Amino acid sequence: MKKMKSMMIASAICSCFLMRAQVGIGTQNPQTTFHIDGSKDNPATGIPSAAQQDNDFSVTSIAKVGIGTTSPSEKLDVASGNARIRNINSNIGVGGTDRVVVADASGVLKTIDFTAYSLFHARLAANQNISSSTITTLLFAAPIATSPFYSYNTGTGVMTFNQAGNYLVTLQASFTNMPADTQLLIGIRPVPDANYLGRGSHYNAVASSGTVGELMNYTTVVVAPTAGYQIRFTAAPNQNATIISTETGSTGSGNVTNVTVQKI
């Protein structure tokens with residue numbers, strides 16, 4: 001009789017587990033398939049508060065694991081706190097092929113190729129004639145390299161930073177068709193227009209004409225205070241001149257006027 005009674009109790013317990021399909025440790029109110037309430041502070045009914053879930057561990061029916069949450073949204077969802085991997089330096093990465101791990105705005109870990117992701121590079125679309133002492137926007141062709149950090153309008157020459165931050169800018173230009181002692185000037189200006197964010201200049205010693213010009217470049221850091229911040233790249237010699245897109249000479253032909261921007 002006792003044996004029969006024990007079997008009936010065990011059967012009832014098994015049936016209960018099968019019906020609920022949930023196992024709780026430290027709680028009689030499991031929220032997922034497997035639920036551990038570390039501090040045994042969850043309520044007997046209803047959903048535990050965020051503070052009560054903070055010490056919980058849960059596994060859902062689709063194998064999502066939550067630490068500090070009973071409703072994980074990813075395969076592993078840590079509600080708060082830091083993750084640590086001991087002795088991680090014993091597994092050294094490979095530069096150039098390994099990816100950088102980043103977290104999106106909601107904390108989900110992802111990988112990116114950061115070296116390619118941060119770079120913008122474009123070449124002057126065509127030669128541009130510049131009038132004396134006029135600040136002229138350089139018009140670059142469609143970027144050879146870019147990323148979601150940047151947007152560039154080839155019609156207006158305006159670059160938009162899609163994320164606030166610090167950006168290293170290198171601007172290079174080749175000037176021709178001007179007399180000796182012309183002040184050559186290239187720069188970076190904000191949109192709407194205001195003072196230069198950075199500029200570089202020098203004087204050419206002799207007159208220049210034809211398809212090989214006077215080359216100069218300038219490097220600076222631009223601080224984009226907000227997403228949507230805009231700039232333009234300019235040239236403003238004090239004499240009429242031509243900015244060359246591609247030089248052609250006895251040593252060969254190739255692009256000379258270009259801009260490179262990299263988030264740092």
Side-chain angles (χ1 to χ4, degrees), residues 22 24-27 30-39 41-42 47-122 142-153 158-170 188 190 197 219-231 259-264:
Q22 293 177 326
I25 297 178
T27 177
Q31 300 295 302
T32 58
T33 301
F34 181 63
H35 182 185
I36 299 175
D37 178 10
S39 293
D41 59 354
N42 289 358
I47 299 174
S49 68
Q52 291 167 332
Q53 291 183 47
D54 189 57
N55 57 73
D56 291 7
F57 176 90
S58 62
V59 181
T60 70
S61 60
I62 53 174
K64 289 186 177 181
V65 176
I67 299 176
T69 177
T70 59
S71 53
S73 61
E74 304 294 334
K75 283 295 184 181
L76 176 62
D77 190 338
V78 181
S80 63
N82 298 322
R84 178 179 180 182
I85 302 175
R86 296 177 184 268
N87 200 28
I88 192 172
N89 289 334
S90 63
N91 186 17
I92 306 300
V94 179
T97 57
D98 286 358
R99 291 182 173 269
V100 177
V101 177
V102 297
D104 67 15
S106 62
V108 177
L109 298 180
K110 300 176 180 180
T111 63
I112 60 171
D113 182 355
F114 190 76
T115 56
Y117 191 81
S118 65
L119 188 68
F120 173 94
H121 180 78
I144 296 172
T146 191
S147 80
F149 285 144
Y150 318 94
S151 301
Y152 183 74
N153 188 316
V158 171
M159 167 178 275
T160 302
F161 294 104
N162 298 323
Q163 186 179 108
N166 300 329
Y167 295 83
L168 186 68
V169 180
T170 298
I188 305 165
L197 300 173
T219 299
T220 191
V221 171
V222 170
V223 179
T226 60
Y229 187 70
Q230 295 183 321
I231 62 173
V259 62
T260 301
V261 184
Q262 185 167 21
K263 194 174 191 301
I264 55 176

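In this text, all values refer to a predicted model and were calculated from it rather than measured experimentally. Hydrogens, waters and symmetry mates play no part in the numbers below; they use all other heavy atoms, side chains included.
Classification of the Y167-F149 ring pair by plane angle, with boundaries at 30° and 60°, yields perpendicular.
In this structure a side-chain-to-backbone donor-acceptor pair under 3.5 Å is present from T33 to S61. Within the 3.5 Å criterion, the main-chain N or O of P148 finds a donor-acceptor partner in the side chain of N162. With Y150 contributing its side chain and S118 its backbone, the two residues share a donor-acceptor pair below 3.5 Å. Judged by distance alone, the side chain of Q53 and the main-chain N or O of T70 form a donor-acceptor pair under 3.5 Å. S90 places a side-chain N or O within donor-acceptor distance of the main-chain N or O of N87, the cut-off being under 3.5 Å.
Side-chain contact check for D41 versus N55: some heavy-atom pair is nearer than 4.5 Å. Contact check for K110 versus D104: side-chain heavy atoms found under the 4.5 Å cut-off.
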- Task: Kindly indicate, with the supporting measurements, whether the criterion side-chain contact (heavy atoms from CB on, under 4.5 Å) is fulfilled by I264 and L168.
- Result: CA-CA 7 Å; I264 55 176; L168 186 68; 4.1 Å; yes
- Task: Apply side-chain contact (heavy atoms from CB on, under 4.5 Å) to N42 and D56, showing your working.
- Result: CA-CA 9 Å; N42 289 358; D56 291 7; 2.8 Å; yes
- Item | CA sep, side-chain torsions, deciding dist, call: V169, T219, side-chain contact (heavy atoms from CB on, under 4.5 Å) | CA-CA 6 Å; V169 180; T219 299; over 6 Å; no
- Message: Between V102 and L109, does the side-chain contact (heavy atoms from CB on, under 4.5 Å) criterion hold? Intermediate values first, please.
- Response: CA-CA 6 Å; V102 297; L109 298 180; over 6 Å; no
- Item | Intermediate values then yes/no, side-chain hydrogen bond (donor to acceptor under 3.5 Å, both in side chains), T260 and H121 | CA-CA 4 Å; T260 301; H121 180 78; 2.7 Å; yes
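With respect to the salt-bridge test (charged N to carboxylate O, under 4.0 angstrom), the residues D77 and K64 do not qualify.
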